[in-house]
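Each remark here refers to the structure printed beneath this line.
Because the structure is predicted, anything quoted here is derived from the model rather than measured. Labels below follow one simple rule: chain letters A, B, ... track the order of the sequence lines, proteins then strands, and each chain is numbered from 1.
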2 protein chains.
Amino acid sequence: MLHTDCGPRDDENRYRLAVGGWREQVETGLVSAGLRRGGARRAVVEYLARQDCCRSAQEIHEGLREAGVRVGIASVYRVLDLLAELRLVQRVDFGDGTARYEPLEADGHHHHHVVCRDCGRVEAFEDARLEDTLVDVAERLGYAMETHEVVLHGACGTCRSEAPA
Amino acid sequence: MLHTDCGPRDDENRYRLAVGGWREQVETGLVSAGLRRGGARRAVVEYLARQDCCRSAQEIHEGLREAGVRVGIASVYRVLDLLAELRLVQRVDFGDGTARYEPLEADGHHHHHVVCRDCGRVEAFEDARLEDTLVDVAERLGYAMETHEVVLHGACGTCRSEAPA
DNA sequence: TTGTTTGCAAACCTTTTGCACGTTA
DNA sequence: TAACGTGCAAAAGGTTTGCAAACAA
């Protein structure tokens with residue numbers, strides 16, 4: 001029902017391009033944390049770096065398997081957990097009972113998602129005012145904000161015109 | 001680890017007060033949808049109306065059981081699903097693998113949450129600018145926004161001063 | 001070598017489903 | 001009474017954990 005297609009809103013979603021040096025950031029991050037670079041870690045990182053949208057652990061596992069890379073599903077989860085802790089990936093939750101993950105730039109530059117209730121299409125978006133507002137809110141509440149997640153749900157343009165309910 | 005305490009930020013969180021007529025809204029909603037008012041539905045609604053923060057299905061089930069009300073866990077899930085579809089409850093997801101639910105006012109008035117990474121404390125907040133921004137974003141993307149969810153993660157004031165890492 | 005990573009399989013938890021029984025209108 | 005709602009138990013995911021073997025440094 002919910003296919004994660006992160007529609008490449010051509011003009012705005014430069015997701016893939018920006019992830020250029022992410023793989024190196026991960027290498028550095030692991031090393032400076034005194035961790036090793038095993039096969040599962042490398043595989044998951046390389047897989048994620050190639051995606052243009054967030055992916056679930058199962059999707060990553062499946063994707064690797066199809067590419068002939070054998071990695072245990074448990075390892076996929078462990079790698080994602082680790083990377084999330086090191087702030088190298090962002091965990092995203094659309095509320096469908098599955099966690100998704102995507103590369104997180106070192107400079108904190110990131111985006112959020114809109115999910116179409118009808119077709120399940122997922123699009124990424126960025127909004128400076130949104131970011132500013134959230135910083136203000138956290139400050140007002142006295143929180144040292146580390147991450148935040150924003151998910152919009154609604155009918156996308158296509159579904160709206162197809163089913164003018 | 002994550003205890004849902006929705007700290008009653010006394011000055012701002014008027015959650016409970018505002019939910020005054022929610023029970024009636026639910027009654028009306030059910031009737032006008034041609035649905036019946038069975039025991040499980042009533043029990044879950046009354047339980048939720050008494051809470052000052054969102055609750056998971058398991059918490060609701062447990063809470064009812066402790067109060068001597070016998071309701072099957074499956075019914076709790078079914079009722080929550082139904083109410084969410086009717087827009088009578090809001091589903092909230094903190095990314096810990098458990099969905100939480102809370103009453104949703106008919107006028108669309110609602111709030112969002114901040115979760116403390118250290119103590120798990122949850123606080124609710126409202127912000128008009130945030131709401132406006134999200135409406136603008138959805139419009140810009142061509143989506144007919146139906147709901148949205150914002151969750152902030154970070155260290156709360158208390159934890160910040162206790163552990164000045 | 002030696003502690004870290006990994007894979008497998010089993011365990012866990014939350015959520016969903018099938019079905020017979022109970023209830024509402 | 002006829003359709004709808006509920007409870008129970010089993011099933012279905014997704015995610016975590018224990019442990020022994022494989023591996024990186």
Side-chain angles (χ1 to χ4, degrees), chain A residues 1-4 26-47 54-65 68-86 88-89 91-101, chain B residues 1-4 26-47 54-65 68-86 88-89 91-101:
Chain A
M1 184 62 62
L2 187 79
H3 43 127
T4 312
V26 175
E27 291 279 297
T28 309
L30 288 178
V31 171
S32 63
L35 298 169
R36 298 177 182 179
R37 252 167 321 148
R41 285 176 188 168
R42 187 164 327 147
V44 171
V45 169
E46 304 218 322
Y47 181 83
C54 48
R55 293 283 180 261
S56 70
Q58 311 274 354
E59 286 171 336
I60 294 169
H61 182 241
E62 168 83 359
L64 288 174
R65 196 175 56 61
V69 183
R70 272 179 131 271
V71 174
I73 184 73
S75 295
V76 173
Y77 279 107
R78 281 187 285 231
V79 172
L80 292 171
D81 257 22
L82 176 66
L83 295 179
E85 218 152 287
L86 295 175
L88 290 165
V89 301
R91 187 189 153 122
V92 174
D93 205 310
F94 294 162
D96 67 338
T98 310
R100 276 160 246 263
Y101 303 80
Chain B
M1 182 63 60
L2 187 79
H3 42 124
T4 312
V26 175
E27 293 278 297
T28 309
L30 289 178
V31 171
S32 63
L35 299 167
R36 299 175 182 179
R37 252 166 322 149
R41 286 176 187 170
R42 189 166 345 186
V44 170
V45 169
E46 304 218 322
Y47 181 84
C54 49
R55 294 282 180 262
S56 71
Q58 309 276 355
E59 285 172 334
I60 295 169
H61 182 240
E62 168 83 0
L64 288 174
R65 197 175 54 63
V69 182
R70 271 179 132 274
V71 174
I73 184 71
S75 295
V76 173
Y77 279 105
R78 282 187 284 231
V79 172
L80 292 172
D81 257 22
L82 176 66
L83 295 180
E85 218 151 288
L86 295 175
L88 291 165
V89 301
R91 187 190 154 124
V92 174
D93 205 310
F94 294 162
D96 67 338
T98 311
R100 276 160 246 263
Y101 303 80

Of all heavy-atom pairs linking B:Val89 and B:Ala84, the shortest is CG2-N, 3.5 Å
Tell me whether B:Arg100 contacts the main-chain N or O of B:Phe94 through its side chain, where contact means a donor paired with an acceptor under 3.5 Å.
no
For A:Leu86 and A:Leu30, the nearest pair of non-hydrogen atoms, with its separation, is CD1-CD2, 4.0 Å
Under a 4.0 Å heavy-atom cutoff, the residues of residues 29-37 of chain B touching DNA chain D are B:Leu35, B:Arg36
- Message: What I want to check is whether an N or O donor and acceptor connect the side chain of A:Arg78 with the base of C:dG7 at under 3.5 Å.
- Response: yes
To the nearest angstrom, the CZ-P distance between B:Arg42 and D:dG7 comes to 12 Å
Rounded to whole Å, the CD1-P distance (A:Ile60 to D:dT15) equals 10 Å
For A:Ala43 and A:Val71 the tightest heavy-atom approach is CB-CG2, 4.0 Å
A:Asp81 atom CG is separated from D:dT16 atom C1', nearest whole Å, by 9 Å
Give B:Ala40 one of three labels, base, sugar-phosphate or nothing, depending on what nucleic acid heavy atoms sit under 4.0 Å from its own.
-> sugar-phosphate
Rounded to whole Å, CZ of B:Arg41 lies from C1' of C:dT23 at a distance of 12 Å
Heavy-atom closest pair (A:Asp96 atom, A:Asp93 atom, distance to 0.1 Å) is N-OD1, 4.3 Å
Closest non-hydrogen atoms of A:Arg91 and B:Gly95, given as atom of the first, atom of the second and distance, are NH2-O, 2.9 Å
Here the distance between atom P of C:dT24 and atom CD of B:Glu27, to the nearest Å, is 13 Å
A:Leu80 atom CG is separated from D:dG14 atom P, nearest whole Å, by 14 Å
Worksheet item: Just by modelled atom types, is the A:Val79 backbone N or O under 3.5 Å from a matching donor or acceptor in the A:Arg41 side chain?
Response: no
Rounded to whole Å, the CG-C1' distance (B:Leu82 to D:dT6) equals 13 Å
Residues B:Gly29 and B:Leu88: closest non-hydrogen pair is CA-CD1, 4.4 Å
CZ (A:Arg36) and CZ (A:Arg42) are apart, to the nearest 0.5 Å, by 13.0 Å
What protein N or O atoms touch nucleotides 13-15 of chain C N or O atoms at under 3.5 angstrom, if any, and at what distances?
residue: C:dT15; atom: OP1; partner: B:Ala99; partner atom: N; Å: 2.9
residue: C:dT15; atom: OP2; partner: B:Tyr77; partner atom: OH; Å: 2.5
residue: C:dT15; atom: O5'; partner: B:Tyr77; partner atom: OH; Å: 3.3

